[in-house]
Amino acid sequence: MTSLDRAGRLLVVGAVNVDLVVATDRLPGPGETVVGPTVTRHGGGKGANAAVAAARAGAGVRYCGAVGSDDMGASALAELRDSGVDVTDVDVLDGVATGMALIVVDPHGENQIAVGAGANAVLGTDEVRAAVDRAAGWAGCVLVSTEIPADAVAAAVTTAAARGIRCVVNPAPVLPSTVDLMASAPVLTPNSSELRDLYGLVSEGVAAPEISAAEQATAVASRTGAPVLVTLGADGVLIADPASEVISLPAGQVAWVVDTTGAGDTFNGVFAAALAAGSMVVEAARRGVAAASLSVAAVGARAGMPSDDEIRRAM
Ligand code: ADP
């Protein structure tokens with residue numbers, strides 16, 4: 001068995017952004033300009049972040065997405081390559097900007113974010129289908145995050161199903177069309193607000209505020225026939241599997257929470273890679289939780305993502 005057989009081979013389909021962060025004394029009001037002393041740049045986008053998390057945890061990772069043929073796109077790809085992610089399946093598009101998040105943060109950690117989706121909004125279905133086809137026989141799992149066109153999400157999920165590759169969908173955001181993909185039995189990994197949106201889709205908008213997260217997740221899982229894993233921040237992860245009782249996994253103990261940005265992406269990348277390596281859902285989720293809880297100890301989505309050794313020590 002090679003080390004990649006143990007750590008998993010994963011295709012990630014989703015968005016890549018460049019995050020530009022300005023720290024200011026206060027957030028601007030409408031029409032107002034505030035000035036901060038510096039601007040920092042971080043790699044971002046839920047798909048690309050998850051790809052980096054999986055690679056750092058030792059998995060073999062291919063990433064499929066789109067960037068513009070600009071300097072930002074070139075550096076976003078260089079960062080992914082440096083993290084060990086294969087970017088052969090990335091479409092480099094002329095005449096469109098690389099996705100960018102403009103983030104202002106105040107001293108209390110409150111923020112304002114505007115995202116220009118750019119190339120992410122025009123990722124093509126043909127490119128996605130080709131990437132999943134190319135991954136058949138190599139990848140043990142396809143992870144799809146949904147900050148890309150609905151038809152690109154559908155292409156990834158249905159092609160993975162046709163090829164018999166396990167598929168995890170991180171529904172962030174929940175697209176109305178997600179309900180059409182449930183017949184392909186994707187494993188879904190919403191956070192608590194996304195779970196409410198998914199529940200709204202499967203219950204056709206019947207408002208039921210008293211229904212617990214466990215009951216909502218169970219209702220969604222009975223629709224897909226596949227596990228639903230709900231990330232609950234400091235409360236860990238809840239697993240609703242049609243084949244068993246609801247299970248709750250506590251988060252790892254964190255002495256000092258520095259920045260939770262990207263915690264969900266870390267969970268998704270490491271969880272999907274563990275599934276790709278053949279782990280059972282609960283075992284894969286334990287690994288994802290351990291990695292995500294380690295990731296909140298550093299600033300930025302990617303800086304705190306742990307190595308395989310660090311994850312093992314934390315479990
Ligand atoms: P998202 O970023 O998608 O909203 P969550 O905030 O639910 O995701 O976080 C995902 C995972 O990260 C959690 O299930 C948990 O394992 C870990 N995590 C997040 N916040 C904390 C925290 N404050 N302490 C420990 N672990 C955390």
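When a ligand or atom number is given, it counts from 1 through the structure's own listing order.
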message = If only side-chain N and O atoms count, and only distance matters, is there a donor-acceptor pair under 3.5 Å linking E310 with S307?
response = yes

key: R302 and S83: side chain donor to acceptor below 3.5 Å   = no

Minimum side-chain heavy-atom gap [X]-[Y] below 4.5 Å:
| X | Y | value |
| --- | --- | --- |
| D308 | R287 | yes |
| L275 | V168 | yes |
| V230 | Q216 | no |

Which residue and atom name correspond to the protein heavy atom nearest [atom], and how close is it?
| atom | answer |
| --- | --- |
| atom 3 (O) of ligand 1 | G264 CA, 3.5 Å |
| atom 9 (O) of ligand 1 | A263 CB, 3.8 Å |
| atom 16 (O) of ligand 1 | S293 OG, 3.3 Å |
| atom 18 (N) of ligand 1 | G233 O, 3.6 Å |
| atom 12 (O) of ligand 1 | A292 CB, 3.2 Å |

request  = Take L20 and R41 through the side chain to side chain contact (heavy atoms under 4.5 Å, CB included) test and state the conclusion after the steps.
outcome  = CA-CA 5 Å; L20 297 179; R41 251 206 58 179; 3.1 Å; yes

Give the numbers and elements of all ligand 1 atoms closer than 4.0 Å to a heavy atom of [X].
| X | answer |
| --- | --- |
| N191 | 3 (O), 4 (O) |
| V237 | 14 (O) |
| G252 | 25 (C) |
| A251 | 25 (C), 26 (N) |
| V289 | 16 (O) |
| V257 | 23 (N) |

Give every donor-acceptor pair under 3.5 Å between a side-chain atom in residues 147-160 and any protein atom, sequence neighbours left out.
from	atom 1	to	atom 2	distance (Å)
E147	OE1	K46	N	3.2
T158	OG1	A154	O	2.7
T159	OG1	A155	O	2.5

ask   = Does atom CD of E32 have more than 12 heavy-atom neighbours from other groups under 6.0 Å away?
value =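 Enclosed.
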
key: Option of least heavy-atom distance to atom 8 (O) of ligand 1 (set: T231, V254, T266)   =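 The residue whose heavy atom sits nearest atom 8 (O) of ligand 1 is T231.
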
ask   = For P28 and V104, which heavy atoms make the closest approach, and how far apart are they?
value = CD-CG1, 4.0 Å

request  = May I ask you to check whether G236 has an N/O atom sitting below 3.5 Å from an N/O atom of ligand 1?
outcome  =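 Indeed, backbone or side chain, G236 has an N or O that close.
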
